[in-house]
Amino acid sequence: MPRPDEGWQVFTSAQDADGKCVCTVVAPQQSACSRDARSRQLRQLLEKVQNISQTIEVLDLRTQRDLQYIRRIEDQMQALEKHFQQVQENHKDLIYKNYQEMRKKMEDLEPLIPVLEQYKADTSLIVQFKEELRNLSAVLSQIQDEIGGYDYEELQRRVLDLESRLHTCMQKIICGKLTSLSNPLTIRTSGSRFGAWMTDPLAPSGDNRVWYMDGFLNSRTVREYRSMAAFIKGVDFVLLRLPHPWAGTGQVVYNDSLYFNKFQSNIVVRYGLRTRTILVQNALDDAGSNNMFPYLWGGYSDIDLMVDENGLWAAYSTIGKGGNIVLAKLNPKTLQIISTWDTEFSKRSAGEAFMICGRLYVTNSHLTGSKVYFTYDTNTSSYEYIDIPFHIQYSHISMLDYNPRDRVLYAWNNGHQVLYNVTLSHLVTSNNV
């Protein structure tokens with residue numbers, strides 16, 4: 001049945017002199033019958049295109065930044081190659097040792113050549129994606145009021161094809177295996193020993209807001225800073241009071257929503273940062289809470305929310321899994337669990353954890369001298385032990401989260417808000433070059 005505003009409506013009713021019922025009705029708008037289902041489908045399709053557009057914008061910003069770095073490397077390689085050729089021509093006049101050292105440097109750089117060429121090709125592909133998306137968005141906008149003359153199935157096919165190609169491109173360009181972490185960069189010193197701070201990895205260009213949540217227990221106040229520069233100075237912020245207090249330091253911001261664990265429960269809450277209201281909340285079945293399965297440092301860190309290139313995740317544990325870390329992929333809109341993995345790593349033995357490219361990385365401690373010790377790959381459902389140095393400058397950490405837009409780790413280090421740059425290795429196969 002059509003909604004009241006789409007169907008026939010009784011405007012007035014009465015009886016005439018002969019006792020007959022007389023009604024005045026208002027007819028529905030022309031073409032309303034043909035617009036109901038298709039309009040909803042097109043609205044959903046347009047929303048999907050807008051989400052793809054947002055992802056492409058973030059990807060474009062990152063690839064342009066990285067391409068500048070790659071071009072500098074390419075210039076250095078070309079200069080080295082030219083110098084090497086000169087050495088080859090005159091090697092009899094040079095010391096043999098220097099000649100061998102230069103040859104070794106050239107051999108080390110040679111495998112980077114196909115990577116650089118592929119990176120430039122992928123950057124061109126993103127430009128092509130943006131053009132296709134502009135064309136598709138224009139078509140969708142034009143047909144919102146002219147549904148009958150267009151093939152919805154063909155439009156849907158084009159959107160799904162573009163979405164699939166973009167996902168493949170992102171995995172190839174962006175994702176890789178963690179190989180090292182930089183020394184920490186201290187952004188600010190403020191707050192208590194425990195807390196969380198973050199930015200939105202899906203924020204549009206120009207939106208550089210920072211969210212700051214001091215403490216780990218029974219608090220509701222969030223500071224929203226206008227920009228990173230304002231955060232560094234401690235100025236230009238608004239205070240948000242959440243309807244429920246949070247537990248732990250596993251909060252994240254993703255696509256203009258704040259996600260947090262509701263105090264004294266295993267409920268995850270999605271709070272709209274524009275609407276200032278709770279959009280949805282959902283319990284993680286059997287998940288421990290109230291310091292049942294925290295990280296090594298305690299702090300009600302039973303449920304740790306994370307984001308990476310693939311979306312929203314939750315790390316927690318259950319009695320049924322013997323206290324091992326359970327990793328869940330969440331629908332960011334409904335908070336329903338999409339998939340889960342048993343990592344077989346004890347949550348109480350973990351210092352902190354974060355996600356990069358579908359891989360969970362776990363530190364063996366929260367104190368100075370720790371390292372990234374364990375990784376679980378959701379793509380292959382397998383794990384391995386690794387040894388990546390992790391320098392904690394100020395005694396201990398209580399929060400560690402990856403931001404896929406900035407490609408850095410955000411950490412709360414004993415009242416200091418710090419960043420770590422990450423280095424990822426990229427596998428280049430014969431299909432990619």
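For the single chain, residues carry numbers from 1 onward in sequence order. Source: prediction; values computed, not measured.
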(request) Quick one: pull up OG in S219 and CZ in F194 and give me the separation to the nearest 0.5 Å. (result) 14.5 Å
(message) Any side-chain to backbone donor/acceptor pair from R407 onto N421? Under 3.5 Å, distance only.
(response) no
(message) V422 vs L181, test: side-chain contact (heavy atoms from CB on, under 4.5 Å). Steps then yes/no.
(response) CA-CA 5 Å; V422 304; L181 297 173; 3.6 Å; yes
(message) I'd like to check the side chain to side chain donor-acceptor pair (under 3.5 Å) partners of Y383; sequence neighbours left out, ordered by chain and number.
(response) none
(message) Quick check: do Q281 and V268 have side-chain heavy atoms less than 4.5 Å from each other?
(response) no
(request) Compare all side-chain heavy atoms of S381 with those of Y376 and state whether any distance is below 4.5 angstrom. (result) yes
(message) With heavy-atom distances below 4.5 Å as the criterion, would you say the side chains of L284 and I337 are in contact?
(response) yes
(message) Enumerate the side chain to side chain donor-acceptor pair (under 3.5 Å) contacts for residues 384-397, please, sequence neighbours excluded, ordered by first and then second residue.
(response) K177-E384, T186-Y394, R193-H396, H396-N414
(message) Can you confirm whether D256 sits close enough to R209 that some side-chain heavy atom of one is under 4.5 Å from a side-chain heavy atom of the other?
(response) yes
(message) Ignoring hydrogens, what is the shortest heavy-atom contact between M292 and I319? Give both atom names and the distance.
(response) SD-CG1, 4.3 Å
(request) Please round to the nearest 0.5 Å and tell me the distance separating atom CZ of F260 and atom CD1 of I278. (result) 5.5 Å
(request) Taking the side chain as every heavy atom from C-beta outward, state whether V222 and E224 have any atom pair closer than 4.5 Å. (result) no
(message) To check you understand the geometry: which heavy-atom pair defines the closest contact between W313 and G358, and what is its length?
(response) CZ2-CA, 4.2 Å
(message) So, taking the atom named CD1 in I392 and the one named NE2 in H416, what distance separates them when rounded to the nearest 0.5 Å?
(response) 13.5 Å
(message) Run the side-chain contact (heavy atoms from CB on, under 4.5 Å) test against L419 and tell me which residues pass, sequence neighbours left out.
(response) I187, W197, V408, Y410
(message) Quick check for you: to the nearest 0.5 Å, what is the distance between L409 atom CG and S182 atom OG?
(response) 8.5 Å
(request) Please report the closest heavy-atom contact between Q251 and M198, naming both atoms and the distance. (result) O-SD, 3.7 Å
(message) I need the single residue from F354, Y420, Y373 that forms a ring-ring contact (aromatic ring centres under 6.0 Å, His included) with F390. Which is it?
(response) Y420
(request) Quick one: which residue pairs count as a side chain to side chain donor-acceptor pair (under 3.5 Å) with a foot in residues 360-371, not counting sequence neighbours? (result) none
(request) Report yes if some heavy atom in the side chain of M306 is under 4.5 Å from a heavy atom in the side chain of D401; otherwise report no. (result) yes
(message) So which atom in V418 and which in N413 form the shortest heavy-atom distance, rounded to 0.1 Å?
(response) CG2-CB, 4.2 Å
(message) Just so I know, are the side chains of V372 and I386 near enough to count as touching, which here means a heavy-atom distance under 4.5 Å?
(response) yes
(message) Please enumerate all residues that pass side chain to side chain donor-acceptor pair (under 3.5 Å) together with S289, with sequence neighbours excluded.
(response) none
(request) Return the minimal non-hydrogen interatomic distance between E352 and S398, and the atom names on each side. (result) OE2-O, 3.2 Å
(request) Go through the side-chain N and O atoms of S382 and D377 and say whether any donor and acceptor fall under 3.5 Å apart. (result) no
Identify each donor-acceptor pair in which a side-chain atom of residues 322-332 lies under 3.5 Å from a protein atom, sequence neighbours left out, and give them as a table.
| from | atom 1 | to | atom 2 | distance (Å) |
| --- | --- | --- | --- | --- |
| N324 | ND2 | K321 | O | 3.4 |
| K329 | NZ | N310 | O | 2.9 |
| N331 | OD1 | K333 | N | 2.8 |
| N331 | OD1 | T334 | N | 3.2 |

(message) Quick test of your reading: applying ring pair (Phe, Tyr, Trp, His ring centres under 6.0 Å), list the pairs with at least one residue in residues 234-255, sequence neighbours left out, ordered by first then second residue.
(response) Y225-F237
(message) Working to the nearest 0.5 angstrom, can you tell me the gap between I303 CD1 and N266 CG?
(response) 5.5 Å
(request) Output all residues satisfying side-chain contact (heavy atoms from CB on, under 4.5 Å) with N290, sequence neighbours left out; order by chain, then residue number. (result) Q264, Y300
(request) Using modelled atom types only, decide if a donor and an acceptor are shared between the side chain of K347 and the backbone of F293 within a distance under 3.5 Å. (result) yes
(request) Evaluate whether atom CZ of R226 has more than 12 neighbouring non-hydrogen atoms of other residues, nucleotides or ligands under 6.0 angstrom away. (result) no
(request) Kindly determine whether T375 and L178 satisfy side-chain contact (heavy atoms from CB on, under 4.5 Å), including the steps that lead there. (result) CA-CA 9 Å; T375 180; L178 181 68; over 6 Å; no
(request) Count the heavy atoms of every other residue, nucleotide or ligand shown that sit under 6.0 Å from CZ of F374, and state whether that count exceeds 12. (result) yes
(message) Restricting to side-chain contact (heavy atoms from CB on, under 4.5 Å), what partner residues turn up for S339, sequence neighbours left out?
(response) W341
(message) Taking the side chain as everything from C-beta on, heavy atoms only, tell me whether P243 gets closer than 4.5 Å to Y271.
(response) yes
(message) Strictly distance-based, threshold 3.5 Å: is any side-chain N or O of N282 a donor or acceptor partner for the main-chain N or O of L335?
(response) yes
(message) Between the side chains of R274 and D200, is the shortest nitrogen-to-carboxylate-oxygen separation below 4.0 Å, so that they form an ion pair?
(response) no
(request) May I have all residue pairs that pass ring pair (Phe, Tyr, Trp, His ring centres under 6.0 Å) and include part of residues 316-337, sequence neighbours excluded? (result) none
(request) Heavy atoms only: give me the nearest L424-C357 pair and the separation to one decimal. (result) CD1-SG, 4.5 Å
(message) Rounded at 0.5 Å granularity, tell me how far CG in D207 sits from OG in S227.
(response) 10.5 Å
(request) Please lay out, stage by stage, how L273 and W211 fare under the test side-chain contact (heavy atoms from CB on, under 4.5 Å). (result) CA-CA 10 Å; L273 291 168; W211 289 269; 3.5 Å; yes
(message) Please enumerate all residues that pass side chain to side chain donor-acceptor pair (under 3.5 Å) together with Q417, with sequence neighbours excluded.
(response) S190
(request) Using the test side chain to side chain donor-acceptor pair (under 3.5 Å), find all partners of S180 that sit at least two apart in sequence or belong to another chain. (result) T423
(message) Name the residue from D304, D302, T249 that meets the side-chain hydrogen bond (donor to acceptor under 3.5 Å, both in side chains) definition with Y295.
(response) D304
(message) side-chain contact (heavy atoms from CB on, under 4.5 Å), that's the test. Do L242 and L258 meet it? Break it down for me.
(response) CA-CA 10 Å; L242 301 178; L258 170 65; 3.9 Å; yes
(message) I want to know whether Y212 and W412 have ring centres closer than 6.0 Å.
(response) yes
(request) Output yes when a side-chain donor or acceptor of R188 lies under 3.5 Å from a complementary backbone atom of F231, and no otherwise. (result) yes
